[in-house]
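All values derive from a computational prediction rather than experimental measurement. Every chain is numbered from 1 and lettered A, B, ... according to where its sequence line falls, protein lines coming before strand lines.
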Amino acid sequence: MPELPEVEHARRTLEQWLGGAHIDTVHVHDARILDDGVTPARVVRALEGRRVMALERRGKWLRIVLDSGSVFSHLGMTGKWVRCEVGDETLRFEKVRLDVTARARKRRSVRYLDPRMFGRFVVLKESDADLPVWSELGPDPLVDGIDVAALHAKLAKRKLAIKPTLLDQKVLAGVGNIVATEALFVARIDPRRPACELSRAEVGKLARGILRGIEETLAMQEGETIQYVEEPGAPNPFIIYGHEGEPCPRCKRPLAKMVLAGRGTVLCAHCQR
DNA sequence: AACGGAACCTGAAAGC
DNA sequence: TGCTTTCAGGTTCCGT
(Lines give C-alpha, C1' and ligand atoms only; values in the text may rest on other atoms or scores of the structure.)
Protein backbone atom coordinates (compact mmCIF):
# COMPACT_ATOMS: atom_id res chain seq x y z
CA MET A 1 0.00 0.00 0.00
CA PRO A 2 2.58 2.52 0.90
CA GLU A 3 4.68 4.39 -1.58
CA LEU A 4 7.92 6.20 -0.94
CA PRO A 5 6.54 8.94 1.38
CA GLU A 6 4.87 6.52 3.75
CA VAL A 7 7.92 4.29 3.81
CA GLU A 8 10.16 7.26 4.57
CA HIS A 9 7.85 8.17 7.42
CA ALA A 10 8.10 4.60 8.67
CA ARG A 11 11.88 4.84 8.49
CA ARG A 12 11.93 7.98 10.59
CA THR A 13 9.67 6.58 13.27
CA LEU A 14 11.52 3.25 13.34
CA GLU A 15 14.73 5.17 13.76
CA GLN A 16 13.31 6.77 16.89
CA TRP A 17 12.03 3.50 18.26
CA LEU A 18 14.90 1.23 17.30
CA GLY A 19 17.98 3.39 16.78
CA GLY A 20 20.71 2.03 19.04
CA ALA A 21 18.30 -0.44 20.61
CA HIS A 22 19.23 -3.91 21.81
CA ILE A 23 16.93 -6.60 20.45
CA ASP A 24 15.82 -8.76 23.36
CA THR A 25 13.09 -11.00 22.02
CA VAL A 26 11.77 -11.72 18.53
CA HIS A 27 8.60 -13.51 17.56
CA VAL A 28 7.36 -14.35 14.08
CA HIS A 29 3.63 -15.00 14.10
CA ASP A 30 3.27 -15.99 10.48
CA ALA A 31 6.11 -17.47 8.46
CA ARG A 32 4.37 -16.56 5.19
CA ILE A 33 5.86 -13.07 5.59
CA LEU A 34 9.32 -14.61 5.24
CA ASP A 35 11.05 -15.83 2.12
CA ASP A 36 10.37 -19.41 1.10
CA GLY A 37 12.42 -21.81 3.14
CA VAL A 38 13.29 -19.31 5.89
CA THR A 39 12.06 -20.48 9.27
CA PRO A 40 10.98 -18.27 12.18
CA ALA A 41 13.74 -19.90 14.24
CA ARG A 42 16.35 -18.62 11.79
CA VAL A 43 14.96 -15.10 12.01
CA VAL A 44 15.03 -15.25 15.80
CA ARG A 45 18.63 -16.46 15.72
CA ALA A 46 19.65 -13.68 13.34
CA LEU A 47 18.08 -10.91 15.44
CA GLU A 48 18.05 -11.70 19.12
CA GLY A 49 20.97 -10.18 20.99
CA ARG A 50 21.84 -7.80 18.16
CA ARG A 51 21.96 -4.04 18.27
CA VAL A 52 20.28 -1.77 15.71
CA MET A 53 22.87 0.52 14.17
CA ALA A 54 20.84 2.38 11.52
CA LEU A 55 17.62 2.52 9.55
CA GLU A 56 17.93 2.99 5.83
CA ARG A 57 15.43 3.26 3.02
CA ARG A 58 15.74 2.83 -0.70
CA GLY A 59 12.54 3.18 -2.69
CA LYS A 60 9.91 1.24 -0.81
CA TRP A 61 12.41 -1.00 0.98
CA LEU A 62 13.56 -0.53 4.55
CA ARG A 63 16.84 -1.90 5.82
CA ILE A 64 17.48 -2.40 9.51
CA VAL A 65 21.25 -2.41 9.88
CA LEU A 66 22.44 -4.51 12.81
CA ASP A 67 25.82 -4.75 14.45
CA SER A 68 26.04 -7.99 12.51
CA GLY A 69 24.08 -8.26 9.25
CA SER A 70 20.83 -6.57 8.22
CA VAL A 71 17.16 -7.27 7.85
CA PHE A 72 14.95 -5.86 5.14
CA SER A 73 11.28 -4.92 5.42
CA HIS A 74 8.89 -4.23 2.58
CA LEU A 75 5.42 -3.04 3.55
CA GLY A 76 3.70 -4.44 0.47
CA MET A 77 0.20 -3.00 0.21
CA THR A 78 -0.98 -3.05 3.81
CA GLY A 79 2.06 -3.32 6.07
CA LYS A 80 2.78 -0.97 8.94
CA TRP A 81 5.06 -0.84 11.98
CA VAL A 82 3.57 0.18 15.31
CA ARG A 83 4.91 0.57 18.80
CA CYS A 84 3.40 -0.99 21.92
CA GLU A 85 4.38 -1.69 25.47
CA VAL A 86 6.18 -4.94 26.12
CA GLY A 87 3.58 -7.48 27.20
CA ASP A 88 0.69 -5.89 25.35
CA GLU A 89 -1.58 -8.44 23.78
CA THR A 90 -1.00 -9.55 20.21
CA LEU A 91 -2.55 -7.09 17.81
CA ARG A 92 -4.84 -7.97 14.97
CA PHE A 93 -2.76 -8.78 11.85
CA GLU A 94 0.47 -8.83 13.85
CA LYS A 95 3.15 -10.78 11.94
CA VAL A 96 6.46 -9.94 13.60
CA ARG A 97 7.30 -8.63 17.08
CA LEU A 98 10.57 -7.11 18.23
CA ASP A 99 10.84 -6.50 21.97
CA VAL A 100 13.80 -4.20 22.51
CA THR A 101 15.65 -2.14 25.07
CA ALA A 102 16.05 1.28 23.51
CA ARG A 103 18.07 4.28 24.55
CA ALA A 104 17.72 5.26 28.19
CA ARG A 105 16.97 1.60 28.97
CA LYS A 106 13.44 2.08 27.75
CA ARG A 107 11.74 -1.19 26.83
CA ARG A 108 9.58 -1.19 23.75
CA SER A 109 7.63 -3.64 21.69
CA VAL A 110 7.79 -2.82 18.00
CA ARG A 111 5.44 -4.78 15.81
CA TYR A 112 4.85 -5.36 12.13
CA LEU A 113 1.22 -5.65 11.07
CA ASP A 114 0.09 -6.73 7.64
CA PRO A 115 -3.45 -7.94 6.91
CA ARG A 116 -2.96 -8.65 3.26
CA MET A 117 0.54 -10.02 3.63
CA PHE A 118 2.09 -8.68 0.46
CA GLY A 119 4.86 -7.33 2.66
CA ARG A 120 8.14 -9.12 3.30
CA PHE A 121 10.50 -9.51 6.19
CA VAL A 122 13.82 -10.67 4.83
CA VAL A 123 16.79 -12.03 6.71
CA LEU A 124 19.72 -12.69 4.45
CA LYS A 125 21.29 -16.08 4.30
CA GLU A 126 24.89 -16.07 5.45
CA SER A 127 25.96 -16.78 1.89
CA ASP A 128 24.20 -13.72 0.50
CA ALA A 129 26.14 -10.48 0.37
CA ASP A 130 23.12 -8.32 -0.25
CA LEU A 131 19.47 -8.44 -1.15
CA PRO A 132 19.38 -8.44 -4.96
CA VAL A 133 16.19 -6.41 -5.30
CA TRP A 134 17.70 -3.77 -3.02
CA SER A 135 20.89 -3.41 -5.00
CA GLU A 136 19.01 -3.37 -8.32
CA LEU A 137 16.79 -0.43 -7.38
CA GLY A 138 17.07 2.70 -9.47
CA PRO A 139 17.89 6.13 -8.03
CA ASP A 140 15.75 7.16 -5.07
CA PRO A 141 14.17 10.56 -5.81
CA LEU A 142 14.42 11.74 -2.21
CA VAL A 143 17.95 10.48 -1.54
CA ASP A 144 19.56 10.96 -4.94
CA GLY A 145 17.32 13.52 -6.58
CA ILE A 146 16.27 13.02 -10.19
CA ASP A 147 18.86 13.44 -12.92
CA VAL A 148 16.65 14.54 -15.81
CA ALA A 149 19.21 13.77 -18.51
CA ALA A 150 19.81 10.28 -17.14
CA LEU A 151 16.09 9.62 -16.78
CA HIS A 152 15.44 10.86 -20.29
CA ALA A 153 18.15 8.54 -21.63
CA LYS A 154 16.71 5.60 -19.71
CA LEU A 155 13.16 6.24 -20.90
CA ALA A 156 14.38 6.58 -24.48
CA LYS A 157 15.01 2.83 -24.49
CA ARG A 158 11.52 1.90 -23.38
CA LYS A 159 8.60 1.42 -25.73
CA LEU A 160 6.21 0.60 -22.91
CA ALA A 161 3.69 3.28 -21.87
CA ILE A 162 5.18 5.88 -19.55
CA LYS A 163 2.97 5.08 -16.55
CA PRO A 164 3.85 1.39 -16.16
CA THR A 165 7.46 2.30 -16.95
CA LEU A 166 7.49 4.68 -13.99
CA LEU A 167 6.28 1.85 -11.75
CA ASP A 168 9.38 -0.17 -12.63
CA GLN A 169 11.52 0.22 -9.50
CA LYS A 170 14.68 0.02 -11.57
CA VAL A 171 13.75 3.29 -13.29
CA LEU A 172 13.14 5.32 -10.12
CA ALA A 173 12.90 3.60 -6.76
CA GLY A 174 9.77 4.28 -4.76
CA VAL A 175 7.41 5.64 -7.40
CA GLY A 176 4.04 3.96 -6.98
CA ASN A 177 0.64 4.18 -8.59
CA ILE A 178 -0.41 7.38 -6.84
CA VAL A 179 2.80 9.32 -7.39
CA ALA A 180 2.90 8.22 -11.04
CA THR A 181 -0.75 9.17 -11.60
CA GLU A 182 -0.36 12.59 -10.00
CA ALA A 183 2.97 13.44 -11.62
CA LEU A 184 1.68 12.61 -15.10
CA PHE A 185 -1.26 14.93 -14.54
CA VAL A 186 0.94 17.75 -13.27
CA ALA A 187 3.25 17.29 -16.26
CA ARG A 188 0.23 17.09 -18.59
CA ILE A 189 1.45 13.84 -20.12
CA ASP A 190 -0.90 11.07 -21.26
CA PRO A 191 -0.02 7.94 -19.24
CA ARG A 192 -0.38 5.80 -22.38
CA ARG A 193 2.36 7.56 -24.31
CA PRO A 194 5.34 5.34 -25.03
CA ALA A 195 8.11 6.29 -22.61
CA CYS A 196 10.60 6.70 -25.45
CA GLU A 197 8.53 9.47 -27.02
CA LEU A 198 8.85 11.92 -24.15
CA SER A 199 10.95 14.97 -24.88
CA ARG A 200 13.67 16.12 -22.53
CA ALA A 201 11.43 19.01 -21.46
CA GLU A 202 8.57 16.63 -20.68
CA VAL A 203 10.84 14.43 -18.61
CA GLY A 204 11.87 17.55 -16.71
CA LYS A 205 8.24 18.37 -15.93
CA LEU A 206 7.61 14.78 -14.94
CA ALA A 207 10.60 14.80 -12.59
CA ARG A 208 9.32 17.95 -10.89
CA GLY A 209 5.87 16.39 -10.59
CA ILE A 210 7.28 13.26 -8.98
CA LEU A 211 9.30 15.22 -6.44
CA ARG A 212 6.37 17.45 -5.66
CA GLY A 213 4.04 14.49 -5.13
CA ILE A 214 6.51 12.77 -2.83
CA GLU A 215 7.24 15.89 -0.80
CA GLU A 216 3.59 16.83 -0.39
CA THR A 217 2.56 13.39 0.81
CA LEU A 218 5.53 13.21 3.14
CA ALA A 219 4.57 16.57 4.63
CA MET A 220 1.14 15.16 5.47
CA GLN A 221 2.61 12.38 7.57
CA GLU A 222 2.38 13.30 11.22
CA GLY A 223 2.51 11.40 14.45
CA GLU A 224 4.10 8.07 15.02
CA THR A 225 1.82 5.70 13.18
CA ILE A 226 1.99 5.43 9.44
CA GLN A 227 -1.04 6.98 7.91
CA TYR A 228 -2.32 5.80 4.65
CA VAL A 229 -3.78 8.91 3.33
CA GLU A 230 -7.39 8.56 2.32
CA GLU A 231 -8.30 6.29 5.17
CA PRO A 232 -12.03 6.13 5.90
CA GLY A 233 -13.48 9.51 6.69
CA ALA A 234 -10.42 11.48 5.66
CA PRO A 235 -10.78 13.67 2.61
CA ASN A 236 -8.87 12.58 -0.47
CA PRO A 237 -5.83 14.88 -0.59
CA PHE A 238 -4.74 14.03 -4.11
CA ILE A 239 -5.15 16.10 -7.23
CA ILE A 240 -6.72 13.44 -9.46
CA TYR A 241 -6.03 10.06 -7.85
CA GLY A 242 -9.36 8.72 -6.60
CA HIS A 243 -11.22 11.58 -8.25
CA GLU A 244 -12.43 9.79 -11.35
CA GLY A 245 -15.73 11.16 -12.64
CA GLU A 246 -15.14 14.50 -10.93
CA PRO A 247 -14.23 17.64 -12.90
CA CYS A 248 -10.62 18.01 -13.92
CA PRO A 249 -9.07 20.71 -11.69
CA ARG A 250 -7.71 22.39 -14.79
CA CYS A 251 -10.33 22.14 -17.56
CA LYS A 252 -13.39 20.94 -15.59
CA ARG A 253 -14.12 18.06 -17.95
CA PRO A 254 -14.76 14.78 -16.10
CA LEU A 255 -11.66 12.76 -15.17
CA ALA A 256 -11.47 9.31 -16.78
CA LYS A 257 -10.34 6.04 -15.27
CA MET A 258 -8.80 3.13 -17.14
CA VAL A 259 -6.67 0.10 -16.49
CA LEU A 260 -3.09 0.30 -17.78
CA ALA A 261 -0.88 -2.75 -17.42
CA GLY A 262 -3.19 -3.98 -14.73
CA ARG A 263 -3.19 -0.82 -12.63
CA GLY A 264 -6.01 1.64 -12.17
CA THR A 265 -5.15 4.93 -13.82
CA VAL A 266 -6.95 8.24 -13.55
CA LEU A 267 -6.35 10.90 -16.17
CA CYS A 268 -7.76 13.92 -17.90
CA ALA A 269 -7.93 12.90 -21.54
CA HIS A 270 -8.10 16.55 -22.52
CA CYS A 271 -5.23 18.04 -20.49
CA GLN A 272 -2.84 15.10 -20.68
CA ARG A 273 -1.38 14.58 -24.12
C1' DA B 1 13.96 -9.02 -24.17
C1' DA B 2 9.70 -7.15 -23.40
C1' DC B 3 5.09 -7.30 -22.43
C1' DG B 4 0.19 -8.45 -20.56
C1' DG B 5 -2.03 -10.99 -17.40
C1' DA B 6 -2.54 -13.82 -13.50
C1' DA B 7 -1.20 -14.94 -9.00
C1' DC B 8 -0.19 -14.03 -4.28
C1' DC B 9 -3.70 -12.69 0.23
C1' DT B 10 -7.34 -10.43 2.91
C1' DG B 11 -10.40 -6.64 4.35
C1' DA B 12 -13.42 -2.90 3.34
C1' DA B 13 -16.68 -0.83 0.53
C1' DA B 14 -20.02 -0.97 -2.91
C1' DG B 15 -23.71 -3.35 -5.17
C1' DC B 16 -27.86 -6.09 -4.99
C1' DT C 1 -29.87 -7.05 6.88
C1' DG C 2 -26.91 -10.10 4.61
C1' DC C 3 -24.79 -12.13 0.72
C1' DT C 4 -21.86 -11.23 -3.44
C1' DT C 5 -18.83 -8.65 -6.11
C1' DT C 6 -15.25 -5.43 -6.74
C1' DC C 7 -11.32 -3.10 -5.62
C1' DA C 8 -6.90 -1.99 -3.28
C1' DG C 9 -1.31 2.63 -3.10
C1' DG C 10 3.10 -3.93 -4.65
C1' DT C 11 5.87 -7.46 -6.57
C1' DT C 12 6.80 -11.70 -9.03
C1' DC C 13 6.23 -15.29 -12.15
C1' DC C 14 4.61 -17.41 -16.33
C1' DG C 15 3.54 -17.82 -21.07
C1' DT C 16 3.58 -15.51 -25.51
ask   = Among pairs that include at least one residue of residues 29-63 of chain A, which meet ring pair (Phe, Tyr, Trp, His ring centres under 6.0 Å), considering only residues two or more places apart or in two chains?
value = A:His27-A:His29, A:Trp61-A:His74
ask   = Cut-off 3.5 Å, side chains only: do A:His270 and A:Arg253 have a donor facing an acceptor?
value = yes
ask   = Heavy atoms under 4.0 Å, any strand shown: does A:Val179 hit a base, just sugar-phosphate, or nothing?
value = nothing
message = Surrounding CZ of A:Arg212 (heavy atoms of other residues, nucleotides or ligands, distance under 6.0 Å), is the total greater than 12?
response = no
Hey, what are the protein-to-nucleotides 2-6 of chain B N/O distances that come in under 3.5 Å?
residue, atom, partner, partner atom, Å
B:dC3, OP1, A:Leu160, N, 3.0

query = Has the side chain of A:Gln169 got a donor or acceptor atom sitting under 3.5 Å from an opposite partner on the base of C:dG10?
reply = no
d([atom1], [X]; [atom2], [N]) in whole Å:
X        : N      : atom1 : atom2 : value
A:Lys80  : C:dG10 : NZ    : C1'   : 16 Å
A:Arg32  : B:dA7  : CZ    : C1'   : 15 Å
A:Leu167 : C:dA8  : CG    : C1'   : 14 Å

Donor-acceptor contacts, no H, no angles, side chain residues 133-145 of chain A, under 3.5 Å, sequence neighbours left out:
residue, atom, partner, partner atom, Å
A:Ser135, OG, A:Leu131, O, 3.4
A:Ser135, OG, A:Pro132, O, 3.1
A:Asp140, OD1, A:Arg57, NH2, 3.2
A:Asp140, OD1, A:Leu142, N, 2.9
A:Asp140, OD1, A:Val143, N, 3.0
A:Asp140, OD2, A:Arg57, NH1, 2.5
A:Asp140, OD2, A:Arg57, NH2, 3.4
A:Asp140, OD2, A:Gly59, N, 2.7
A:Asp144, OD2, A:Arg58, NH2, 3.2
A:Asp144, OD2, A:Asp140, N, 2.7

inquiry  = Show every salt bridge (charged side-chain N to carboxylate O under 4.0 Å, His left out) that has at least one partner inside residues 67-79 of chain A, sequence neighbours left out.
reply    = none
task = In whole angstrom, give me the gap between the P atoms of C:dT11 and B:dA1.
result = 22 Å
Bracket notation of DNA chain C in which parentheses pair within the strand, [ ] cross earlier pairs, and | pairs with another strand (Watson-Crick or G-U, under 3.5 Å) = .|||||||.|||||||
Side chain to side chain contact (heavy atoms under 4.5 Å, CB included) involving [X] - partner list, sequence neighbours excluded:
X        : result
A:Ala104 : none
A:Ala21  : A:Val100, A:Ala102
A:Cys196 : A:Lys159, A:Pro194
A:Val171 : A:Leu151, A:Lys154, A:Leu155, A:Arg158, A:Thr165, A:Asp168

query = C:dG10 phosphate, OP1 or OP2: any side-chain N/O from A:His74 under 4.0 angstrom?
reply = no
key: N or O in side chain of A:Lys257 less than 4.0 angstrom from C:dC7 OP1/OP2   = no
ask   = What residues form a salt bridge (Lys or Arg N to Asp or Glu O under 4.0 Å) with A:Arg12, not counting sequence neighbours?
value = A:Glu8
task = Sort and list the pairs that fulfil side-chain hydrogen bond (donor to acceptor under 3.5 Å, both in side chains) and have at least one residue in residues 174-190 of chain A, not counting sequence neighbours.
result = A:Lys163-A:Asn177, A:Asp190-A:Arg192
note = Among B:dG11, C:dT12, C:dA8, the one nearest any side-chain atom of A:Tyr241 is C:dA8
ask   = Near DNA chain C, which residues from residues 114-122 of chain A have a heavy atom under 4.0 Å away?
value = A:Arg116, A:Phe118
